[in-house]
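Working notes, structure below.
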Amino acid sequence: MRSYSVNITKAKYLKPRAIGDEPSVNSAILATIDSTEMSIPLDPANRHYAEIMRQVAAGTLTIEDAD
Amino acid sequence: MALTKLRPAGQGFVNGNRNLFINGAMQMAQHGTSKAMAHDGNTSVYVVDRFTMAFGGTHEQLDGTYAQVADHPLSANGKSLKWTTGTAESSYDADEYLYVAQKIEAQNLQSINNGNSNAVPITLSFYVKSSVTGTFALGIYKEDSTTRIFNRTYAISSANTWEKKTITFAGDTSGGGIVNDNGAGFWINWHLAAGSNAKGGGSNGAWKNYGGLSDWADGQATNAIATTGGATWQLAQCQLEEGDVATQFENEDLGTTLRKCHRYFQKVFAGADNRYLAGTSPNIFWNATNTDNGGITFVETMRAAPSFSYNALKLRSPYAGDYTIGSLTANAITVNGLTTTTAGSSGSSNERVVYLAGTGTSSYYEIDAEL
């Protein structure tokens with residue numbers, strides 16, 4: 001598969017605020033792509049997510065844990 | 001009573017909705033009408049909806065502008081897409097390549113029977129104009145199942161003159177076909193330049209299994225677009241249709257084109273200061289945490305869960321004025337909508353009903369599910 005050529009300078013998981021005792025899980029990634037900050041869903045069909053995962057697998061990008 | 005002779009259905013008629021491209025008339029440009037590209041900046045950009053331009057490999061000097069322009073082969077007021085080289089690449093290295101593409105969603109290509117013995121040919125027609133003459137490659141790249149590629153070439157004979165090109169691609173009876181899903185079915189690529197490693201693989205003239213970069217732009221004979229400052233390349237009236245005949249370009253009403261484009265990208269402007277943004281829902285600002293949760297409902301179901309970004313937004317209360325947003329993020333993103341969360345906001349100290357609002361004409365949010 002040909003990759004989507006972008007420059008990703010930051011990636012960090014996002015969690016929604018917990019409601020009551022319900023545990024909060026990662027629901028998106030906040031990333032800076034080509035100088036634009038984006039919230040990116042955890043959907044393999046999303047080209048930004050796919051590229052983040054490709055760069056993570058290649059060892060060129062690390063996703064920070066959510067706050 | 002006069003009798004009218006009727007032709008049987010399917011014989012001699014040219015039916016509507018034939019164009020497999022979306023926005024082939026280049027009318028929609030939600031992403032903006034012009035964007036700068038640079039070897040050390042943005043190297044993959046959308047301007048005209050559904051048509052992307054990308055630098056491949058590692059360019060060292062190249063930059064330029066990708067734009068929608070009011071220049072058309074037939075209409076006084078029609079649109080085309082245009083690449084203009086700014087700083088030229090001093091020499092074109094082996095790993096470098098440059099192209100414009102539309103990626104067609106797999107579900108929209110099932111009727112061509114790709115990968116089956118009854119695969120049908122498809123015909124591409126378009127107008128092209130360039131300051132550079134020579135032989136250019138264009139082709140089809142298919143990722144699903146066995147990755148396949150088929151390039152052909154066309155010649156630009158006269159500089160700075162619109163020329164119509166028509167090219168038929170035989171149906172591909174091998175390769176396992178196109179998965180019937182929301183992924184990319186075909187990439188239709190117009191190559192503008194290709195280094196020596198990006199051609200020579202034998203994909204020019206017939207379908208073959210993709211063997212790597214050497215198949216990517218096989219047949220491309222000039223790199224002068226990339227190596228000439230001020231060089232231009234334009235594309236208009238693109239149509240891709242089943243069969244081996246190019247029919248008259250299908251003019252589509254703008255509303256239909258926009259609705260199709262919205263499946264892949266939506267950009268919503270506030271329009272002015274204090275105006276609420278369409279699609280957003282009211283929500284409660286919690287002064288205890290300086291946060292709020294809101295929502296956005298999309299105007300069209302997206303191809304996939306989209307990425308979310310925004311520019312120059314604020315929270316506005318009908319009762320207590322404005323809140324400055326510290327950060328705005330999205331979660332629970334689906335093909336139909338998302339939840340927004342603001343944090344670190346400041347303004348009124350009371351809990352209020354608030355809306356996402358603009359601060360001026362440049363305020364917007366956008367959601368992106370392009371292929």
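Note on naming: letters A, B, ... go to the chains in the order of the sequence lines (proteins, then strands), and numbering restarts at 1 for each one. Small disclaimer: the values here were computed from a predicted structure and weren't measured.
Residue B:Leu371 holds its CG atom at 13.5 Å from CZ of B:Phe186, rounded to the nearest 0.5 Å.
For B:Thr341, the part sitting under 4.5 Å from any heavy atom of chain A is the side chain, from C-beta outward, and nothing else. Heavy-atom distances place no part of B:Glu366 under 4.5 Å from chain A, backbone and side chain included. Both the backbone and the side chain of B:Asn293 come within contact range of chain A, with heavy atoms under 4.5 Å apart. Contact annotation for B:Ala369: neither backbone nor side-chain heavy atoms come within less than 4.5 Å of a heavy atom of chain A. With a 4.5 Å cut-off on non-hydrogen atoms, B:Asn331 touches chain A through its backbone and its side chain both. Looking at A:Ile40, both its backbone and its side chain come within 4.5 Å of chain B, counting heavy atoms on both sides.
Checked against the 6.0 Å centroid criterion, the rings of B:Phe51 and B:Tyr46 do not qualify as a close aromatic pair. Within the 6.0 Å centre-distance limit, the rings of B:Tyr92 and B:His59 are counted as a close aromatic pair. Ring to ring, B:Trp83 and B:Tyr66 are not that close: their centroids are 6.0 angstrom or more apart. Annotation: B:Phe265 is in aromatic contact with B:His31 [ring centroid separation under 6.0 Å].
Among the candidates B:Ser327, B:Gly41, B:Pro306, the residue making the largest number of heavy-atom pairs closer than 4.5 Å to chain A is B:Pro306. Options A:Ser35, A:Ala28, A:Ser27, A:Pro44 differ in how many heavy-atom pairs under 4.5 Å they form with chain B, and the most are formed by A:Ser27.
Considering only residues two or more places apart in sequence or on other chains, B:Ser281 meets the side chain to side chain contact (heavy atoms under 4.5 Å, CB included) condition with none of them.
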